[in-house]
There are 2 protein chains.
Amino acid sequence: MSTKSKRNLSGCPIDYALSVLGDRWSLIIVRDLAIRGAKTYAELLDGWEGISTNILAQRMRHLESNGIVEKRKNPANWRSSIYELTPKGRDLAPVLAEIILWGGAYNESDSPKNEAYDTVKSDRAKFEAAIRENDEIAQ
Amino acid sequence: MSTKSKRNLSGCPIDYALSVLGDRWSLIIVRDLAIRGAKTYAELLDGWEGISTNILAQRMRHLESNGIVEKRKNPANWRSSIYELTPKGRDLAPVLAEIILWGGAYNESDSPKNEAYDTVKSDRAKFEAAIRENDEIAQ
DNA sequence: CTATCAACTTGCATATTGCAAGTTGATAGG
DNA sequence: CCTATCAACTTGCAATATGCAAGTTGATAG
């Protein structure tokens, strides 16, 4: 019921990637975990785009079952859980980088949210390393 | 009605990219145009994943209105039209490459459809150049 | 044993998807 | 000029998914 990708996969790596991330929200969530430093459910809910709570829960389940994120208890606050990218999830850093470069080059907007574009453009290796080391970059 | 992305965009380049390509089919179509050498509506319909005709028409309209593909008459066959990637669409080559590398690394399948993975891995520059020059790479 | 609060779930209206079948329109052949 | 052909689509409709608002859960602090 939470499997996603009703249809059979073709075996193509792009089709596989889309079965995991091919919707309007999954990459936004990955971005928030990788770049914006979101760690809790509440922080993810509070992102720029305003995902609704049922969709967030559903997507987190899907991302978790596909090995992109994992959940653990917050040792500092018994109430909250901490979501983080797994190594597989952090390996999406180059994908994020290329999407940001493409989107930034063709996006009309020059809102402050375009900041990531400048970051990747000026030092892509650093951008990717920061995600790999699980650091926050900005905000 | 064919606008896609009901919700407002945040201004983030990733969100912009997702408003254009963030669904189960758009990147499959781009792949078929960029890598598999599909040129006509019928060839796109006949892809590995079996998109249905109404969805294909809708997505082509969306990709066209977002400047990713363009349609022209086939000079050799008055009946058929030819779809091709625009420069903006061809600039997705690095995105495709990274997705293929990620998907290929984590995809269980080793069907012949995984061929693109080997191609990108062994000579990524050539892979991207082929798309930029609007050549077909394989099959 | 009650209040708190992060993390969800549920109900329901609206929107999107997918299958199957039908339509359109330019022209080639009769 | 009239009919068959065929690539490129529409259309109808049932099944799914999305999104909003409101409600529930469960551990623990006081």
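The chains referred to below are lettered A, B, ... by the order of the sequence lines, with proteins before strands, and numbering in each begins at 1. Atoms considered below: every heavy atom in the structure, side chains included; atoms not considered: hydrogens, waters and symmetry mates.
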Next item on the list: Mark yes or no for whether A:K121, through its side chain, and A:G104, through its backbone, hold a donor-acceptor pair below 3.5 Å.
Entry: no
Report task. Give a yes/no answer on whether the side chain of A:W25 brings an N or O atom under 4.0 Å of OP1 or OP2 in D:dT18. Result -> no
Exercise for the section: State whether the distance check finds a donor on one side and an acceptor on the other, under 3.5 Å, for side chain A:R79 versus base C:dT4. Expected result: yes
In Watson-Crick or G-U wobble terms, with both distances under 3.5 Å, the base opposite D:dG30 is C:dC1
To the nearest angstrom, the CG-P distance between B:L56 and C:dT16 comes to 18 Å
- Item | Exercise: do B:E70 and B:T86 side chains pair donor with acceptor under 3.5 Å | no
When rounded to whole Å, the CG to P distance for the pair A:L44 and C:dA7 reads 9 Å
Testing D:dA8, C:dA21, C:dC8 for proximity to the side chain of B:T53, the answer is C:dA21
Quick note, B:Y41 side chain, CB onward, closest among D:dG19, D:dT10, D:dA21 is D:dT10
For D:dT24, the nucleotide meeting Watson-Crick or G-U wobble distances (both under 3.5 Å) is C:dA7
Report yes if at least one side-chain N or O of A:R24 is closer than 4.0 Å to OP1 or OP2 of C:dT16; otherwise report no.
no
From CG of A:D23 across to P of D:dT16 the rounded distance in Å is 18 Å
Between A:N77 and A:A57, the residue closer to the 5' end of DNA chain C by nearest nucleotide is A:N77
Atom CD1 of A:I51 and atom P of C:dT9 are separated, to the nearest Å, by 14 Å
TODO: Would you check if the side chain of A:Y41 reaches a backbone N or O of A:T53 as a donor-acceptor pair within less than 3.5 Å?
DONE: yes
B:Q58 CD to C:dC19 P, in whole Å, measures 14 Å
Which of D:dT18, D:dG19, C:dT9 is nearest the side chain of A:S52? It is D:dG19
Exercise for review: Would you indicate what B:N54 reaches in the nucleic acid, counting non-hydrogen atoms under 4.0 angstrom: base, sugar-phosphate, or nothing?
Suggested key: base
Taken to the nearest whole Å, NZ/A:K39 to P/C:dA7 is 13 Å
TODO: Assign A:K73 to base, sugar-phosphate, or nothing according to its heavy-atom contacts below 4.0 angstrom with the strands shown.
DONE: nothing
Open item on the list: I'd like to know if the side chain of A:T119 reaches the main chain of A:E115, judged simply by a donor and an acceptor atom lying under 3.5 Å from each other, with no hydrogens or angles considered.
Closed with: yes
Of the listed C:dA7, C:dC8, D:dC20, the closest approach to the A:Y83 side chain comes from C:dC8
Here the distance between atom P of D:dA29 and atom CH2 of A:W78, to the nearest Å, is 7 Å
Rounded to whole Å, CD1 of A:I55 lies from P of D:dC20 at a distance of 9 Å
Only one of A:K113, A:R24, A:R31 passes side-chain hydrogen bond (donor to acceptor under 3.5 Å, both in side chains) with B:D15, and that residue is A:R24
### Query
Using the ring of each side chain (for Trp, its six-membered ring), is B:W102 parallel, tilted or perpendicular to A:Y16, with breaks at 30° and 60°?
parallel
*Below 4.0 Å: OP1/OP2 of C:dT9 and any side-chain N or O of A:R61*: yes
